[in-house]
Amino acid sequence: MNAIIGYSEMLQEEAEDDGLDEYIEDLKRIHTSGRYLLKLINDVLDLSKIEAEKVELDPEVIGIEGLMEDIKATVRPLVADKDNKFELKIESKIGEIYVDATKLRQIILNLLSNAAKFTEAGTVEAIVSRERSTPFDILAIDVRDSGIGMTDAQIEKVFDPFSQADASTTRNYGGTGLGLSISRRFCELMGGSLTCTSEKGVGSTFSIRIPIHPPPQTSGVFKVPKHLKEKYEKDFEDDDEPVDEPPPTETAVLEVPEHLREPEQDQKREGSTPRTVLVIDDDEPILDLVKRMLEPEGYRVLTANNAEDGLRLAREAKPMVITLDVVMPEVDGWSVLKALKADPELADIPVIMQTIVDEPLKGFAMGVADYLSKPIDRQRLVAAVARLRAKADRAVLVVEDDDNNRDLIAQWLKGDGWEVYTAADGLEGLDLYERCRPINLVLDLAMPNMDGFELLDTLRKKYPDDDLQVIVVTAKDLTAADRDRLAGSVMRIVQKGEGSMNEVLEQVRRTAMTSPV
């Protein structure tokens, strides 16, 4: 289903670009049907997990106002499709609440989707308030519509699985009759309720009531409940399927399989300098799909269809970002993630989990940068990679052997919001660059062990595709030969002296504006 949905979406865009209008409607039907079937599969799986008492809550601290604004942006086009008006009313200050945000979002979206489906040229409202109660306050959300409404007899069975108001509802409006049943069960799992009032021909109101439980005691910013983090860490320590890694003394050059090699130059977007993304997934259509999503955005995409190839290629290519599936044969994604984070040379590479497995807390507890659910959403994937690239583009490596100059440059850059790495000579700088891969390099030339010229030559030869922005800061009187050696490899040469720090900062700022994201 992931491949059907992803390829149909991509083919729609290609058909529109190529003017093949006769295929667009058929592709839209494939995409819509795929989405419908995927929703049915997910609903059946949700209901099965509920019946088997296998549903686990993943609570977190969220701002309800922000969640509702996000939902509002999502449902507005859906509501407007039948000339309806959508209104969001937050009647009292809610503040932060501790709740399973994913399931709460799913419940609200399902209710709003139903309201929009059964209303035409009317109004759909979401009314949010905080009701004072003991021992816990109550989060109250009422979804109200001016649609077709229901009789008392229809209300009695509206929450039954695979049931709708009557046969004509299924015939005229579609649906599986599972959404409301699942939504009520989720509310009950969170200690709350979902009820309905309705009048035939006037409209319906579905009312969510969920206790606002206090979060567990945490230090600092709340991310993962401590008991869950400890549970996951224990699971990882007990892992009896270690990932086979090459011995540290191995020096043979990696022979990269054909399916892992770089795309040809003409596949890259003209006028951009791509950054490398490694995609690890055992599903070949998904590998191809992600490549076709990211390469037009200017990224160089490498792919691996198993854990061993993925880890080898990560060590060889040092990608900017890694996307990783969980469900893979022999060695799963969790083991790959554990191996990546245990390797000092790979630990800082951000990892995006991209999977059907619904365990985001486990992923965040292990240090993933983002967690995306399949089917692959092109916009979310591109946005996630771009966000991580933007973060990388705010990183600066300062290589300077003078302690005072190095600390001063670092302080100035940190004060301007940059993430700064420092090295005292070229060898240390090379090691740091290979581990962190920053886009900006502030470089002295006269240094022990490996000077700035040697470091720059090494980086340009070893990583020719990296869009490294170099600013040389030096007290050396450069000869014509020196300038020829630096020509084409640096953005700016700044002479040390009064005002040089301001000039360095200004030049680094300019790299942020000129670097493609």
A.B. asks: Looking at D343 and E345, would you say the former's side chain and the latter's main chain have a donor-acceptor pair under 3.5 Å?
C.D. replies: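 Present.
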A.B. asks: Tell me yes or no: between the side chains of E120 and N84, is some donor less than 3.5 Å from an acceptor?
C.D. replies: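 The answer is no; no qualifying pair exists.
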A.B. asks: Distance from D325 atom CG to N306 atom CG, nearest 0.5 Å?
C.D. replies: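 Answer for the CG-CG pair, D325 versus N306, is 12.5 Å.
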A.B. asks: In plain terms, say whether K85 and E125 are close enough for a salt bridge, that is, a side-chain N and a carboxylate O under 4.0 Å apart.
C.D. replies: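 Salt bridge absent between K85 and E125.
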A.B. asks: Nearest 0.5 Å, please: how far is CZ in F206 from OG in S198?
C.D. replies: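 These two atoms lie 7.0 Å from each other.
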A.B. asks: Say whether, by atom type as modelled, one donor and one acceptor occur between the side chain of D137 and the main chain of I212 under 3.5 angstrom.
C.D. replies: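 Such a contact is absent between D137 side chain and I212 backbone.
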A.B. asks: Do V79 and L112 come within less than 4.5 Å of each other through their side chains, counting heavy atoms only?
C.D. replies: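 No, every pair of side-chain atoms sits at 4.5 Å or beyond.
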A.B. asks: In Å, rounded to the nearest 0.5 Å, how long is the span from CG of L194 to OG of S207?
C.D. replies: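 L194 CG to S207 OG: 8.0 Å, rounded to 0.5 Å.
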A.B. asks: Got a sec, which pairs hit salt bridge (charged side-chain N to carboxylate O under 4.0 Å, His left out) with one end in residues 61-75, sequence neighbours left out?
C.D. replies: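 Checked against salt bridge (charged side-chain N to carboxylate O under 4.0 Å, His left out) - neighbours excluded - the pairs reaching residues 61-75 are D70-R105.
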A.B. asks: Compare all side-chain heavy atoms of L278 with those of L324 and state whether any distance is below 4.5 angstrom.
C.D. replies: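 No, side chains not in contact.
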A.B. asks: Without hydrogens or angle criteria, can the side chains of S113 and N110 be said to hold a donor-acceptor pair below 3.5 Å?
C.D. replies: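 Absent: no donor and acceptor within the cut-off.
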A.B. asks: Partners of F136 by ring pair (Phe, Tyr, Trp, His ring centres under 6.0 Å), sequence neighbours excluded?
C.D. replies: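 Partners of F136 under the ring pair (Phe, Tyr, Trp, His ring centres under 6.0 Å) test: H213.
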A.B. asks: Output the distance between atom CE (M328) and atom CH2 (W334), rounded to the nearest 0.5 Å.
C.D. replies: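 These two atoms lie 11.0 Å from each other.
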A.B. asks: Are any side-chain N or O atoms of T123 and backbone N or O atoms of S146, one a donor and one an acceptor, separated by less than 3.5 Å?
C.D. replies: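 Side chain of T123 to backbone of S146: no pair is present.
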A.B. asks: Do V368 and D370 have side-chain heavy atoms sitting under 4.5 Å apart?
C.D. replies: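 No, their side chains stay 4.5 Å or more apart.
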A.B. asks: Enter the distance from I64:CD1 to I141:CD1 here, rounded to the nearest 0.5 Å.
C.D. replies: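 Reported to 0.5 Å precision, the distance equals 4.5 Å.
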A.B. asks: F159 ring centre to R184 NZ or CZ under 6.0 Å, with the angle to the axis within 45°?
C.D. replies: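 Cation-pi check for R184 and F159: passes.
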A.B. asks: Counting only N and O atoms by type, is there a donor-acceptor contact under 3.5 Å from the side chain of D145 to the main-chain atoms of S204?
C.D. replies: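 Side chain of D145 to backbone of S204: a pair is present.
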A.B. asks: Please step through side-chain hydrogen bond (donor to acceptor under 3.5 Å, both in side chains) for the pair S193 and R209, ending with a clear verdict.
C.D. replies: CA-CA 5 Å; S193 64; R209 297 293 183 270; over 6 Å; no
A.B. asks: So, applying side-chain contact (heavy atoms from CB on, under 4.5 Å) with L289, which one of M293, K291, R292 is it?
C.D. replies: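 One option only clears the test, and that one is M293.
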A.B. asks: To the nearest 0.5 Å, tell me how far I208 CD1 sits from I138 CD1.
C.D. replies: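 The distance works out to 13.0 Å.
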A.B. asks: Considering non-hydrogen atoms only, spot the tightest contact between K82 and K117 and give its length.
C.D. replies: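 The answer is NZ-O, 2.7 Å.
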A.B. asks: Kindly say whether I148 contributes a backbone atom to a donor-acceptor pair with the side chain of K200 at under 3.5 angstrom?
C.D. replies: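 Checking the backbone N and O of I148 against the side chain of K200, no donor-acceptor pair under 3.5 Å is found.
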A.B. asks: Does K157 come within less than 4.0 Å of D160, counting only side-chain N to carboxylate O?
C.D. replies: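 D160 and K157: not salt-bridged.
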A.B. asks: Taking the side chain from S335 and the backbone from V331, do they hold a donor-acceptor pair closer than 3.5 Å?
C.D. replies: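 No, because the side chain of S335 does not come within donor-acceptor range (under 3.5 Å) of the backbone of V331.
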A.B. asks: Hey, does the side chain of Q154 reach the backbone of T151 with a donor-acceptor pair shorter than 3.5 angstrom?
C.D. replies: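 Indeed, once roles are kept as given, a pair shorter than 3.5 Å links the two residues.
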A.B. asks: Counting C-beta onward and ignoring hydrogens, is there a side-chain heavy-atom pair between I97 and V61 closer than 4.5 Å?
C.D. replies: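 No. Closest side-chain heavy atoms not under 4.5 Å.
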A.B. asks: Got a salt bridge between R312 and D309, using NZ or NE/NH1/NH2 to carboxylate O under 4.0 Å?
C.D. replies: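 A salt bridge is present here (some side-chain N lies under 4.0 Å from a carboxylate O).
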